[in-house]
Amino acid sequence: MTPIEAFDMVLFGGTGDLVMRKLLPALYHQHQDGNLPTAGRIICLGRSATDTAGYLAKAHAMAQGYLGTHYNDADWQSFAERISYLKVDATVPAEFQGLADALNEFPGRVRVFYLSTAPDLFAPISKSLAGVGLNKGNARVVLEKPLGHDLESSNKINDEVGEHFEEHQIYRIDHYLGKEPVLNLIALRFANTLLEPLWRREWIRDVQITVTEQVGVETRADFYDKAGALRDMIQNHLLQLLTIVAMEPPASIDADAVRDEKLKILRALKPLTPETVLTNVVRGQYRAGAVSAKPVPGYLEEPGVPANSRTETFVALKAEIQTWRWAGVPFFLRTGKRLQERMAEIVINFREAPHSIFGRNTTPNRLVIQLQPDESVRLYLMAKEPGNQFRLRPVHLDLDFKEFFESRSPEAYERLLMDVIRGDLSLFVRRDEQRAAWKWVEPILDTWENSLDAPKPYTAGTWGPAASSALLSREGMSWHEEG
Ligand code: BG6
């Protein structure tokens with residue numbers, strides 16, 4: 001692995017939620033584990049007229065909350081020495097000179113510009129960075145999602161950022177790709193011979209990718225109501241997971257070798273039409289209910305949500321991949337807010353035994369890769385129950401990473417931030433991948449926009465609208481937790 005070089009990490013949106021909740025804690029962990037070189041600065045930018053001491057006081061209070069038992073006074077003190085705050089209004093090009101002066105104290109360092117801002121600032125920030133010469137040499141720019149609102153707006157942002165940064169300098173982040181079990185799925189698939197012969201239509205009946213949340217729209221109504229679950233989760237996180245499950249073995253682990261294979265899958269997704277959107281895609285919106293026995297309001301009663309909003313908080317859909325390996329295997333994707341449990345998992349359902357000598361008493365094999373809340377891989381097989389009778393029961397082989405490796409599993413952002421500093425693009429989304437993903441979801445967006453139907457209501461604390469179960473049951477299948 002490439003060693004970490006001296007670096008300056010500049011966090012735009014330094015007072016924002018993502019920096020406080022995810023990025024600073026991630027960097028703290030890496031500092032604590034001794035993975036950051038001494039020559040590594042973190043420069044947080046914001047519009048507030050505070051100074052480093054004032055900023056650190058706020059960051060400290062937030063970090064203590066988010067780090068929980070990992071927080072340690074001495075480690076925080078040494079970590080905080082890396083951090084400085086600079087008042088820069090990202091919309092004012094003249095204010096970038098101060099940033100350039102600060103960075104030019106150490107020429108030649110890796111420079112990471114993490115744009116944790118609204119996407120309409122990506123282009124102006126890139127332009128202003130270039131205006132003061134900060135796009136040169138070892139400069140890298142990290143773009144947070146959402147990158148645009150649809151194909152056209154994402155093309156526009158990519159074109160504009162691309163005027164100032166070359167593609168190899170652009171890191172489009174999808175934090176799901178940094179989750180340990182996702183990396184383990186890559187290892188499982190491509191470091192073992194066992195699964196490869198089975199990883200195809202002859203043996204796999206269907207694939208289910210589920211990311212459910214218990215939280216509602218929280219304080220993000222302004223963003224969320226314009227986005228909805230399709231743009232917020234499916235276009236990026238779930239489609240990226242699908243590519244990892246479905247891609248052909250790449251020739252190497254090089255960034256472009258992996259991304260070429262992922263792209264082929266996105267391009268092989270069967271295009272949806274207005275007719276198939278109606279049959280293969282379910283959208284829902286939560287109504288008041290109870291999550292973990294706690295009463296919660298409906299989406300339309302959430303602060304900041306228009307009373308007539310048609311934004312979906314739930315999506316379930318069936319995707320098909322038009323390749324020899326996957327023809328005829330449905331990939332069911334599902335995500336939503338205010339659902340029964342917080343869970344992220346990939347389920348591979350194998351076909352039934354071609355001839356059962358045990359009658360109907362068998363359940364097909366199943367591989368479950370759980371990303372959240374626990375990280376595990378579980379293979380369900382049939383076994384005989386002890387006793388005189390020949391009674392079968394599903395049992396599972398478990399790979400519990402926490403127990404086996406006895407080491408802390410890093411958060412997705414830790415891994416991805418270190419990859420940016422190292423210059424490893426493998427787990428970042430290339431422009432053509434992003435384009436293909438937007439292109440595939442666009443007929444869904446268009447059909448919904450032109451439809452008079454509202455999203456299907458579901459009660460908070462359930463698994464979503466009944467139509468989600470019906471999507472599978474009409475093919476003789478059911479969601480993992482129902483089966
Ligand atoms: C983000 C979405 O990308 O992912 C949020 O914008 C969502 O709406 C979050 O809550 C889920 O991420 P995680 O890692 O908590 O499952």
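Atoms within each ligand, like the ligands themselves, are counted from 1 in listed order.
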* Give me the ring orientation class for Phe331 and Trp326: parallel if the planes are under 30° apart, tilted from 30 to 60°, perpendicular past 60°. => perpendicular
*asked:* Is the terminal nitrogen or CZ of Lys58 (NZ for Lys, CZ for Arg) located under 6.0 angstrom from the six-membered ring centre of Tyr55 and within 45° of that ring's axis?
replied: no
Run the salt bridge (Lys or Arg N to Asp or Glu O under 4.0 Å) check on Arg415 and Asp419 step by step: do they pass? CA-CA 6 Å; Arg415 159 83 204 213; Asp419 280 357; 3.2 Å; yes
Put together the list of close N/O pairs, under 3.5 Å, between ligand 1 and the protein, could you?
unit_1	atom_1	unit_2	atom_2	d
ligand 1	3 (O)	Lys145	NZ	2.7
ligand 1	3 (O)	His237	NE2	2.7
ligand 1	6 (O)	Lys145	NZ	3.0
ligand 1	6 (O)	Arg220	NH2	2.9
ligand 1	6 (O)	Asp232	OD1	2.6
ligand 1	6 (O)	Asp232	OD2	3.3
ligand 1	8 (O)	Arg220	NH1	2.9
ligand 1	8 (O)	Asp232	OD2	2.6
ligand 1	8 (O)	Lys337	NZ	2.9
ligand 1	10 (O)	Glu213	OE1	3.3
ligand 1	10 (O)	Glu213	OE2	2.5
ligand 1	10 (O)	Lys337	NZ	3.2
ligand 1	12 (O)	His175	NE2	3.2
ligand 1	14 (O)	His175	NE2	2.7
ligand 1	14 (O)	Lys179	NZ	2.6
ligand 1	16 (O)	Tyr176	OH	2.4
ligand 1	16 (O)	Gln372	OE1	3.3
ligand 1	16 (O)	Gln372	NE2	3.1

Practice item. Would you please classify the geometry between the Phe79 ring and the Tyr28 ring as parallel, tilted or perpendicular, with 30° and 60° separating the classes? Key: perpendicular
Paired with Lys179, the side-chain hydrogen bond (donor to acceptor under 3.5 Å, both in side chains) test is passed by just one of His237, Glu375, Gln372, namely Gln372
For Glu482, the salt bridge (Lys or Arg N to Asp or Glu O under 4.0 Å) test, sequence neighbours excluded, returns none
